[in-house]
**Q** 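Questions regarding the structure given below will be posed in turn.
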Amino acid sequence: MKRILILCIALISFGSVSAQTFRHYDFLGAGHDNEVKVQVSSSVRVNGQATVDGFSIKNEEQLKDASRFLAQATFGADFATIEMTAAMGYDSWLTEQFELPQVSILEKMRQQNQTYPDEEYEVGDPVFNEFFRISWMTNNLTLPDLLRQRMAFNLSQLMVINDNSDFFEDVGDIIGHYYDLLSTHSFSNYQQLLTQVTLSPAMGNFLSHYNNPKADPANNIHPDENYAREIMQLFSIGLWELHPDGTRKTDHQGQFIPTYTNADIKEFAQVFTGLGNGTPGGEFGLPADDNGYENVAVVTTPMKMYESFHDRSEKRLLNGVVLPADQSGMEDINQTILHLCNHANTAPFISKSLIKMMTTSNPSPRYVQDVAAAFDPTVSDNFQTVIRSILLHPEARSCERSEQYTFGKLREPVVRMLNFLRAFPMTVNEYGDFYYAMECFGTNTGQSPLDAPSVFNFFLPDYQPPGPIGQNYLVGPEFQILNATNAIGVVNDANFRAVKRGYLMEECSDEGEEEEEEEPDPEESEEAEEEDYELYSEHIMDYSAEEMLVNNPSALVDRLDILLANGLLTSNTKSIIINALDQLNDPKDRIKMAIYLILISPDYAILK
């Protein structure tokens, strides 16, 4: 796919690097002879063998592959984690990650809300949604459960809600609770996940099956069909009947076969009636935001069934399955979820979706079929088996496969940002979080966690960008948000974080747009810059390990290639970057420029 990436804006910057105003400093650089020489402080020598915490340190090619593996499995890693993963092996790393405990993002939101003096907060009050992204960034940049964090984000793009409403904004507990649900079930199984999503007050409010009553034709009341439609279209079986390898079935006329009809939606809508307020003493029909600040428990408690509002008629599902009349509401729901989980489409549909999010936008039918064969929605911890199947599959691990133009995926904006931030040590502000980290990011790049514009996510899984990708019958989902504005936004974000300041994010206006910078008074610019530095200085990136290589641009670029680009930089790209660094004298400018040019290069943009 790298060969058909037409975005050339990154390369324009390569030719415009200026050497003006830079000063020269002498730094002792480490040697380089096709092998990474700089090692982290945890490295020791045992009987002459270099080790990391007792594991043998691998060679450069193994470090590159470990970095690539971590880019597929996580939001990125520092050099020590790359070394450790290469040394211990991917299967052992996965086992270790599966055993790490979950940390509640909702509890983090509440803790952080209490630390801000400008926020009037008492225990039991709702938390504003702005604290979700603060806590999301804090957890992702400080916790060791790298795989769970990435898997929860993947699931949040599969079973989408967003906080673009006054209720979700004012009572942020509802989104914190939902994200905790996704995190909790990232390593469980699909039946448990789909059941809890169905009963979630966040999903109930977002897709309107919260307080969904049974039909009352006399009063023109009919069950809401939103969730009935989306649980099939997006959360389980998809629109078209599939073969086990994820390819679409066709009828005798060569037409794709729909998985369900409008009549099926109406039958399923009757199943999801009667769910409402899950708290003790709750009532059906009251909105979740009734009484405002008094109802935090309502949005963090799974919905419960109110039998008198549930349709108890017979319900005809798919493939001749019939739910008998007079069952309880939860019997109907549980049997329907099991019915969808066991549908022949679900394993290839969900498997292919997760593959696209983690390794490649265009997996081969064999890849999909192999992962789908490992998918068993009812087996405890089955997601762990599925994740292993995706990440350890020969198609994901083969260097030969990654050289083919059909393999790979465009890194989405959130992944690109976190990949950079996780790569280097960083200080934390006085409140112990990353308050400014997501400011304006969604507006500028088109993506922010739980901020998709609709239930269809930020981009469609089968989106075909115009040009060679679509002409070759390939898909590139992430390209759907790579418009002219967002492409510039991603490049500007890399520039601001890596070069201009070296901290997280610039200030934004209250409307979520960048403040226009006025031409500074030369006499005041130095003072203004110092004040600006003090404002954000608690988020400075630490490049001390890279400073050891600053006088050896080739070695510096090789290290950053492993750390950021997963060993994917071509020799031509490396030459361009090294040539740019040779024009600079200031050691810190060299490091920042090398990072920036890597982050905006096409080689980096496409994970292969």
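In this chain, numbering begins with 1 at the start of the sequence shown. No experiment lies behind these values; they were computed from the predicted model shown.
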**Q** If the plane angle is over 60° it's perpendicular, under 30° parallel, otherwise tilted; pick one for F187 and F98.
**A** perpendicular

**Q** To the nearest 0.5 angstrom, please state how far the OG1 atom of T198 sits from the CG atom of N334.
**A** 9.5 Å

**Q** Counting heavy atoms not belonging to D251, are there more than 12 under 6.0 Å from its CG?
**A** yes

**Q** Tell me, please, which residues at least two apart from Y260 pass side chain to side chain donor-acceptor pair (under 3.5 Å).
**A** none

**Q** Tell me if a side-chain donor or acceptor on E99 pairs with a main-chain N or O of L94 at a distance below 3.5 Å.
**A** no

**Q** Do E331 and S328 pair up side chain to side chain, a donor and an acceptor below 3.5 Å, judged on atom types alone?
**A** yes

**Q** Classify the side-chain pair Y367/T359 by whether it contains a donor and acceptor separated by less than 3.5 Å.
**A** yes

**Q** Under a plain distance cut-off of 3.5 Å, with no hydrogens placed, do Q149 and T74 share a side-chain donor-acceptor pair?
**A** no

**Q** Measuring from T336:OG1 to L194:CG, what's the distance to the nearest 0.5 Å?
**A** 10.5 Å

**Q** Could you tell me if R422 sits above the aromatic ring of F75, with its cationic atom closer than 6.0 Å to the ring centre and no more than 45 degrees from the axis?
**A** no

**Q** Is a side-chain donor-acceptor pair under 3.5 Å present for Q72 with R397?
**A** yes

**Q** Side chains of N419 and Y604 only: does a donor on one sit below 3.5 Å from an acceptor on the other?
**A** yes

**Q** Consider only side-chain N and O atoms of T261 and D264, and report whether a donor and an acceptor are under 3.5 Å apart.
**A** yes

**Q** Salt-bridged, D173 to R110, with N to O below 4.0 Å?
**A** yes

**Q** Might you work through the side-chain hydrogen bond (donor to acceptor under 3.5 Å, both in side chains) test for T378 and D376, ending with a clear yes or no?
**A** CA-CA 6 Å; T378 64; D376 191 328; 3.2 Å; yes

**Q** Rounded to the nearest 0.5 Å, what's the gap from CG on N486 to CD on Q480? Could you check?
**A** 11.5 Å

**Q** Could K315 and D332 be called an ion pair, given the rule that one side-chain N must be under 4.0 Å from one carboxylate O?
**A** yes

**Q** Check K266 with E225, please: is the shortest side-chain N to carboxylate O separation under 4.0 Å?
**A** yes

**Q** Kindly state whether the ring of Y179 and the ring of F132 have centres lying under 6.0 angstrom apart.
**A** yes

**Q** Just by distance, no angles: are the side chains of Q471 and Q464 close enough, under 3.5 Å, to form a donor-acceptor pair?
**A** no

**Q** Calculate, to the nearest 0.5 Å, the distance between atoms CD1 and CD1 belonging to I350 and I355 respectively.
**A** 11.5 Å

**Q** Can you confirm whether the side chains of N226 and H209 place a donor and an acceptor under 3.5 Å from each other?
**A** no

**Q** Short question: side chain of Q97, backbone of P144 - any donor-acceptor pair under 3.5 Å?
**A** yes

**Q** Classify the side-chain pair T250/Q255 by whether it contains a donor and acceptor separated by less than 3.5 Å.
**A** no

**Q** Got a second to check how far L181's CG is from M159's CE, nearest 0.5 Å?
**A** 9.0 Å

**Q** Is any NZ, NE, NH1 or NH2 atom of the basic residue among R150 and D145 found under 4.0 Å from an Asp or Glu carboxylate oxygen of the other?
**A** no

**Q** Is it the case that N362 and T360 place a side-chain donor and acceptor less than 3.5 Å from each other?
**A** no

**Q** Run the ring-ring contact (aromatic ring centres under 6.0 Å, His included) test against F69 and tell me which residues pass, sequence neighbours left out.
**A** Y90, W93

**Q** Indicate whether any N or O donor in one side chain lies under 3.5 Å from an N or O acceptor in the other, for D451 and N162.
**A** no

**Q** State whether a side-chain donor-acceptor pair under 3.5 Å links T273 with D311.
**A** no

**Q** Does a side-chain N-to-carboxylate-O contact under 4.0 Å join R411 and E478?
**A** no

**Q** Under the ring-ring contact (aromatic ring centres under 6.0 Å, His included) test, which residues partner F459, sequence neighbours left out?
**A** none

**Q** Relative to the ring of W136, is the ring of F153 parallel (under 30°), tilted (30 to 60°) or perpendicular (over 60°)?
**A** tilted

**Q** Taking only Lys NZ, Arg NE, NH1 and NH2, and the carboxylate oxygens of Asp or Glu, determine whether D462 and K352 approach each other closer than 4.0 Å.
**A** no

